[in-house]
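Below you'll find the structure, written out as structure tokens, and then a few comments.
What you see below is based on every heavy atom in this structure, not just the backbone, and it leaves out hydrogens, waters and symmetry mates. Throughout, a chain's letter reflects where its sequence line sits, starting with A, and its residues are numbered from 1.
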Protein chains: 2
Amino acid sequence: MSQLNNHSLRITKQRQIILDELCGVTSHPTADVLYQMVRKRLPKISLGTVYRNLEIMSECGIIQKLDIGGTQKRFDAAAHVHYHVRCNQCGRVDDLDLPPDFNVEKAAGQLTSFKILRHRLEFTGICPECQT
Amino acid sequence: MSQLNNHSLRITKQRQIILDELCGVTSHPTADVLYQMVRKRLPKISLGTVYRNLEIMSECGIIQKLDIGGTQKRFDAAAHVHYHVRCNQCGRVDDLDLPPDFNVEKAAGQLTSFKILRHRLEFTGICPECQT
DNA sequence: TTTGGTGCAAAGGCTTTGCAGAAAG
DNA sequence: CTTTCTGCAAAGCCTTTGCACCAAA
């Protein structure tokens, strides 16, 4: 568990359980799915608290907030960078680790049992105008 | 311009101008930005109409609806598959054409004047369970 | 105490949709 | 005429936020 910002973060039961549940799955749940999971252990928790804490924890680098398309964001306890496969039909998102140097199509086909239909590569960074 | 579904699509002034404006830019405007552009030529058009037609046109394959992260979807008149660079600061999205075989970091750095900070590769397809 | 967190509910941002009137075929 | 489309406004969905109370340090 990494360290925090300037202000001290308390380890509350809510936070602990949210993180715990997220760590306990290999899927990449949306906030509301995680909320349902957490509610089994903490029935009175609010969805707002789940969102708040997921946001905070991702800012601290404890978890990752995935913005990989679809209408809802997904969350991931794995801190390292990796790729994903999404199912067009059910929306399921699985991990996919790729070597730094690879042939996209080939590598993906070998590493997952998904039937790959498309892929999308997106870079993020600072555009020329914002660099100045 | 490709062909349509079972039901006949009419070529209305609204549709024509929306497509025209989208074709006229190399950026990947969000629906509301496109709405502003279109409004200069068609002041009474509604945002709903813009959304509706963008959706229809992307279903027909005339344009592409990009779901590449960020809160808003973006639209692109280019039908061919390609990649994108997004600016973390202003949200600007540029095209990036990559050869089928490439070294991700190197290729990207050479092809854009963005300062690349991260990249993300996402595959989509059908998961094992949905395949059966 | 003081500071930060929670639950609740309301508000926000983007997108979709129902409907009655308008327009194209 | 019939069918599709439009503008408008309302509703929907996901997420964020203000606030009063609560809890940890």
Please give, in whole Å, the distance from [N] [atom2] to [X] [atom1]?
X	N	atom1	atom2	value
A:Tyr35	D:dT15	OH	C1'	14 Å
A:Asp67	C:dC14	CG	P	14 Å
B:Ile11	C:dA23	CD1	P	18 Å
B:Gln16	D:dT6	CD	P	11 Å
A:Ile17	C:dG7	CD1	C1'	15 Å
A:Leu9	D:dA23	CG	C1'	15 Å
A:Arg15	C:dG4	CZ	P	11 Å
B:Lys73	C:dG13	NZ	P	17 Å

Between B:Asp32 and B:Gln72, do the side chains contain an N or O donor and an N or O acceptor separated by less than 3.5 Å? yes
Hey, does B:Lys13 reach any base, or is it just sugar-phosphate, or nothing, if we go heavy atoms under 4.0 Å? nothing
Using a heavy-atom cut-off of 4.0 Å across all strands, would you classify A:Asp32 as base, sugar-phosphate, or nothing? nothing
Phosphate OP1/OP2 of [N]: any [X] side-chain N/O under 4.0 Å:
X	N	result
B:Thr12	D:dT6	yes
A:Gln14	D:dA23	no
A:Thr49	C:dG7	yes
A:Ser46	C:dG7	yes
A:Arg10	C:dT6	no

Min side-chain heavy-atom separation B:Gln16-B:Lys13 under 4.5 Å: no
Sub-4.5 Å side-chain heavy-atom contact between A:Gln64 and A:Phe75: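 With C-beta onward as the side chain, the pair stays apart.
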Partner of B:Tyr35 by side chain to side chain contact (heavy atoms under 4.5 Å, CB included), out of B:Leu54, B:Thr49, B:Ile45: B:Ile45
May I ask you to decide whether A:Glu21 forms a salt bridge with A:Arg41, counting only side-chain N to carboxylate O separations under 4.0 Å? yes
Side chain of A:Ile45, heavy atoms from C-beta onward: which of C:dG5, D:dT6, C:dG7 has the nearest atom to it? C:dG7
I want to verify a distance call: between C:dC14, D:dT15, C:dT6, whose nearest atom is closest to the B:Gln72 side chain?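 Selected nucleotide: C:dC14.
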Between the side-chain atoms of A:Arg52 and the base atoms of C:dG7, is any donor-acceptor pair under 3.5 Å? yes
